[in-house]
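Note that the coordinates shown come from a computational prediction; the quantities given were computed from them, not determined experimentally. Letters A, B, ... mirror the listed sequences (proteins, then strands); counts begin at 1.
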Amino acid sequence: ETGVTQTPRHLVMGMTNKKSLKCEQHLGHNAMYWYKQSAKKPLELMFVYSLEERVENNSVPSRFSPECPNSSHLFLHLHTLQPEDSALYLCASSKGLRFENIQYFGAGTRLSVL
Amino acid sequence: ILNVEQSPQSLHVQEGDSTNFTCSFPSSNFYALHWYRWETAKSPEALFVMTLNGDEKKKGRISATLNTKEGYSYLYIKGSQPEDSATYLCASSETGNQFYFGTGTSLTVIP
């Protein structure tokens with residue numbers, strides 16, 4: 001157990017659906033992250049939040065919409081996705097934003113877009 | 001974008017063998033490097049955070065070294081066990097804000 005919980009673990013959705021991924025951390029951390037892992041590619045950082053403020057958005061399409069209502073919860077709202085968005089989505093948290101802080105990851109949500 | 005490369009891409013070793021793999025990054029600017037261990041269907045787990053040239057860190061049978069002048073870090077596993085089978089990821093940062101992961105080294109330890 002890393003202290004970071006992601007739900008659901010698996011999700012299948014059509015291109016016209018709207019769904020949300022949830023991440024919760026019980027570590028008292030101030031920073032939270034969304035990553036995308038596609039086959040044969042490195043982990044790609046999508047969004048970074050620090051103290052509930054978005055500090056990084058790495059040119060992610062607007063069909064992905066993050067939300068951080070408090071420092072323990074992070075959501076990724078999905079709408080009108082494309083089949084190429086099928087991937088493993090990982091959430092992570094860290095004590096602080098700077099890279100010397102270890103990141104604690106959830107187990108991920110495996111998303112399939114049909 | 002920072003080019004972080006890991007080699008080899010995959011590795012099969014016999015139980016009891018020692019092994020090592022490499023993470024390469026641009027040496028021009030360096031802030032910190034992370035090593036993670038990622039077992040199938042589990043969460044990536046942090047092994048080491050390395051910040052200083054010449055750093056050596058150890059956790060049980062796993063150790064890592066860092067050479068920021070030449071832009072590489074080695075991860076060593078002594079006496080590999082089947083439970084060491086996992087993908088080992090490194091991530092590097094030049095600024096402390098942006099960071100980039102390599103594609104990982106997949107290790108399989110054969111009993």
Side-chain angles (χ1 to χ4, degrees), chain A residues 1-10 21 23-27 29-50 53-60 87-110, chain B residues 1-10 21-26 29-53 55 57 59 62 64 66 68 73 86-106:
Chain A
E1 275 296 326
T2 62
V4 180
T5 305
Q6 288 187 244
T7 53
R9 291 293 307 271
H10 301 273
L21 310 184
C23 176
E24 186 173 359
Q25 58 100 355
H26 308 278
L27 300 167
H29 288 168
N30 291 325
M32 295 187 79
Y33 311 79
W34 278 118
Y35 289 90
K36 178 183 178 183
Q37 165 86 83
S38 303
K40 308 277 187 194
K41 287 188 177 181
L43 275 175
E44 295 173 55
L45 182 63
M46 300 174 72
F47 299 105
V48 182
Y49 276 82
S50 176
E53 295 283 327
R54 191 194 303 181
V55 296
E56 194 72 45
N57 172 4
N58 286 335
S59 303
V60 178
L88 180 69
Y89 290 85
L90 286 168
C91 171
S93 71
S94 62
K95 194 173 180 182
L97 200 57
R98 298 287 288 177
F99 192 54
E100 63 265 30
N101 292 286
I102 286 172
Q103 294 187 23
Y104 294 79
F105 285 84
T109 295
R110 175 71 62 184
Chain B
I1 293 181
L2 196 66
N3 193 23
V4 179
E5 295 185 355
Q6 291 189 247
S7 61
Q9 193 172 8
S10 66
F21 21 93
T22 307
C23 174
S24 302
F25 50 88
N29 286 302
F30 177 81
Y31 185 85
L33 181 136
H34 291 196
W35 278 105
Y36 290 88
R37 179 173 174 273
W38 192 2
E39 286 183 71
T40 303
K42 293 190 177 179
S43 315
E45 174 197 353
L47 290 172
F48 306 112
V49 177
M50 309 183 82
T51 55
L52 297 175
N53 184 43
D55 253 356
K57 299 226 171 171
K59 187 175 182 177
I62 305 177
L66 178 67
T68 61
S73 175
T87 296
Y88 291 83
L89 296 175
C90 73
S92 184
S93 177
E94 291 185 317
T95 61
N97 295 320
Q98 281 282 357
F99 48 91
Y100 299 90
F101 280 81
T103 50
T105 292
S106 174

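- Aromatic ring centres of A/Y33 and A/F47: separated by at least 6.0 Å.
- Options B/M50, B/E45, B/H34, B/Q9 differ in how many heavy-atom pairs under 4.5 Å they form with chain A, and the most are formed by B/H34.
- A/R9 touches chain B through its side chain: at least one heavy atom from C-beta onward sits under 4.5 Å away, while N, CA, C and O do not.
- The line from CD of A/Q25 to CZ of A/F105 is 13.5 Å long, rounded to the nearest 0.5 Å.
- For chain B, the nearby part of A/L97 is the backbone; its heavy atoms alone come within less than 4.5 Å.
- Here the straight-line distance linking atom NE2 of A/H10 with atom OG1 of A/T109 works out to 9.0 Å at 0.5 Å rounding.
- The part of B/L33 that comes within reach of chain A is its backbone (N, CA, C, O), which places non-hydrogen atoms under 4.5 angstrom from that chain.
- Residue B/Q6 does not touch chain A at all, counting heavy-atom pairs closer than 4.5 Å.
- Residue B/Y36 touches chain A through its side chain alone, counting heavy-atom pairs closer than 4.5 Å.
- You'll find the ring centres of B/Y31 and A/F99 outside the 6.0 Å limit.
- Residues A/Q103 and A/Y35 bring a donor and an acceptor atom of their side chains to less than 3.5 Å of each other.
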